[in-house]
Amino acid sequence: MDQPVNTFRPVIRVIPGRVTSDGDGVQLTRLIGGPGLPQLDPFLLLDAIRSDEPDAYIGGFPPHPHRGFETVMYLLAGRVRHRDSAGHAGVIEAGGVQWMTAGRGVVHSEMPEQEEGLLAGFQLWVNLPAAEKMRPPRYQEFAREALPVERREGGVEVRVVAGKTSRGSVGPVTELIVPVTYLDVTMPAGSRFEEALPAGFNAFLQPFEGRLEVAGEAVEAGSLALLGAGDAVAVEAPQASRLLLVAGRPLGEPIARGGPFVMNTEAELRQAYADFQAGRF
Ligand code: CO
């Protein structure tokens, strides 16, 4: 049952994506983690990848380390093979998600398992609280079929990656260290989507097809709408659209960030580099 709604969240700011490249020449659009929005506690980074030009993705993300946070890959199209220093390996297929808790450290690679065709998906980084930054690494991986799909009024479809919707669907990613709601919402032209979100969570919308209207504000595909205070969100789709709705409970802790390491202090950051250089990951 829907929870009672008091206030719909307004759009505070629309952040245009910034085209850049990472890994070995993978073209992507950075929505969180760039100059426009360095972070949105607890989120440290959001990259959108979408290309049918092999040159823009074939280099993939060769081996690189992480410490102190979680990386979430949600794939819309294509196949990505991942492999890590602890011997963990697999293939993420379209519609699937890999939620990796890097904790004290992994060295992993993410490489396209295709030489042509569309590769599309998102990489989200979720910060860990100080007490969990050095926990052992952990993976949660789920194929498309494991994600519940809610069919709502007007033909709206809600795929639940993580969290629990107001109608009770629960995403397959559980044991979340930082509470996160991660929804993939498909909206036919003229439809409306409403969803309750905890008032204390930071939240954003990222339309990747079509165009949305949120509290009278237009949000184009490829940009990110930062949502303000409230306990629900209402979205209108003037044309057929698809979006991510992501919300998370902020940590409110200091952040010391250096490339692939995100800790609380500069000393911990130096230790992360030293441990990595010494092969202690
Ligand atoms: Co990585």
Side-chain angles (χ1 to χ4, degrees), residues 1-17 29 31-33 36-44 46 48 72 74 122 124 126-127 147-171 173 176 178-252:
M1 216 171 83
D2 285 358
Q3 293 153 13
V5 162
N6 297 311
T7 315
F8 289 118
R9 289 170 178 252
V11 174
I12 301 180
R13 197 147 67 91
V14 176
I15 291 109
T29 303
L31 292 143
I32 301 175
L37 185 62
Q39 63 197 323
L40 177 65
D41 190 8
F43 306 114
L44 300 162
L46 177 69
V72 180
Y74 177 50
F122 294 94
L124 177 73
V126 184
N127 203 0
L147 276 59
V149 183
E150 271 182 9
R151 295 177 208 286
R152 298 197 184 183
E153 299 79 4
V156 172
E157 286 189 359
V158 182
R159 279 169 213 286
V160 187
V161 177
K164 183 179 180 181
T165 71
S166 57
R167 302 198 182 177
S169 301
V170 179
V173 180
L176 291 162
V178 177
V180 169
T181 298
Y182 191 136
L183 308 178
D184 168 3
V185 185
T186 303
M187 302 181 67
S191 64
R192 177 181 169 89
F193 165 67
E194 287 186 16
E195 181 62 17
L197 290 174
F201 282 22
N202 285 331
F204 65 85
L205 292 167
Q206 207 280 298
F208 52 96
E209 291 171 18
R211 181 165 58 87
L212 306 177
E213 276 182 21
V214 185
E217 185 110 17
V219 188
E220 303 290 335
S223 57
L224 180 146
L226 186 53
L227 299 175
D231 56 9
V233 60
V235 181
E236 316 261 359
Q239 61 191 74
S241 300
R242 193 168 170 193
L243 63 125
L244 297 187
L245 170 59
V246 180
R249 192 166 73 198
L251 298 173

Exercise. For residues Thr165 and Glu150, is any side-chain donor paired with an opposing acceptor at under 3.5 Å?
Worked result: yes
Problem set entry | Nearest heavy-atom neighbours spanning Gly222 and Thr29 | O-CG2, 4.4 Å
Seminar exercise, completed: Here the gap from Arg249 atom CZ to Asn202 atom CG, rounded to the nearest 0.5 Å, amounts to 12.0 Å
For this session: Measure the shortest side-chain to side-chain distance between Leu46 and Phe204 over non-hydrogen atoms and say whether it is less than 4.5 angstrom.
Result: yes
Exercise. Any idea which heavy atoms bring Val14 and Ala218 closest together, and the distance?
Worked result: CG2-O, 4.4 Å
Exercise. Yes or no on side chain to side chain contact (heavy atoms under 4.5 Å, CB included) for Thr186 and Val156, after CA distance, side-chain angles and deciding distance?
Worked result: CA-CA 6 Å; Thr186 303; Val156 172; over 6 Å; no
Exercise. In chain order, what residues pass the salt bridge (charged side-chain N to carboxylate O under 4.0 Å, His left out) check against Glu217, with sequence neighbours excluded?
Worked result: none
Exercise. Can you name the nearest heavy-atom pair linking Ala162 to Leu176, along with the distance?
Worked result: CB-CD1, 4.2 Å
For this session: Any chance you could measure Ser169, atom OG, to Leu183, atom CG, to the nearest 0.5 Å?
Result: 9.5 Å
Exercise. Leu224 and side-chain contact (heavy atoms from CB on, under 4.5 Å): which partner among Ile32, Val246, Leu205?
Worked result: Ile32
Exercise. Arg192: what forms a salt bridge (charged side-chain N to carboxylate O under 4.0 Å, His left out) with it, not counting sequence neighbours?
Worked result: Glu194, Glu236
Problem set entry | Flag side-chain contact, heavy atom, 4.5 Å: Phe193 against Glu157 | no
Problem set entry | Sub-4.5 Å side-chain heavy-atom contact between Tyr74 and Leu124 | no
Exercise. From Leu226 CG over to Leu31 CG, what is the distance, rounded to the nearest 0.5 angstrom?
Worked result: 12.0 Å
Exercise. Which value, rounded to the nearest 0.5 Å, describes the distance between Ser223 atom OG and Gln206 atom CD?
Worked result: 7.0 Å
Problem set entry | Of all pairs that satisfy ring pair (Phe, Tyr, Trp, His ring centres under 6.0 Å), the ones with a partner from residues 205-226, not counting sequence neighbours | Phe122-Phe208
Problem set entry | side-chain hydrogen bond (donor to acceptor under 3.5 Å, both in side chains) against Glu213, all qualifying residues, sequence neighbours excluded | none
Exercise. Considering all heavy atoms of both residues, which atom of Val180 and which atom of Val126 are nearest to each other, and what is their separation?
Worked result: CG2-CG1, 4.1 Å
Problem set entry | Closest contact, heavy atoms only, Ala203 versus Leu40 | O-CD2, 4.1 Å
Exercise. Are Val233 and Phe8 close enough that some pair of their side-chain heavy atoms sits under 4.5 Å apart?
Worked result: no
For this session: Mind checking ring-ring contact (aromatic ring centres under 6.0 Å, His included) for Phe201 and listing every partner two or more places apart, or none if nothing turns up?
Result: none
For this session: Mark yes or no for whether Asp231, through its side chain, and Pro198, through its backbone, hold a donor-acceptor pair below 3.5 Å.
Result: no
For this session: Give a yes or no answer on whether the side chain of Asp41 reaches the backbone of Leu251 with a donor-acceptor pair at less than 3.5 Å.
Result: yes
For this session: List the steps and the verdict of side chain to side chain contact (heavy atoms under 4.5 Å, CB included) for Leu37 and Arg13.
Result: CA-CA 10 Å; Leu37 185 62; Arg13 197 147 67 91; 3.7 Å; yes
For this session: List the steps, then state whether side chain to side chain contact (heavy atoms under 4.5 Å, CB included) holds for Val160 with Leu147.
Result: CA-CA 6 Å; Val160 187; Leu147 276 59; over 6 Å; no
If you look only at distance, which donor and acceptor atoms sit under 3.5 Å apart when one is on a side chain in residues 237-245 and the other is two or more places apart or in another chain?
unit_1	atom_1	unit_2	atom_2	d
Ser241	OG	Arg211	N	3.0
Ser241	OG	Arg211	O	3.0
Ser241	OG	Gln239	O	2.7
Arg242	NE	Asp184	OD1	3.0
Arg242	NH2	Asp184	OD2	2.6

Exercise. How about Arg151 and Val149: do any of their side-chain heavy atoms sit closer than 4.5 Å?
Worked result: yes
For this session: For Val214 and Ala234, work out which heavy atoms get closest and say how close.
Result: CG1-O, 3.7 Å
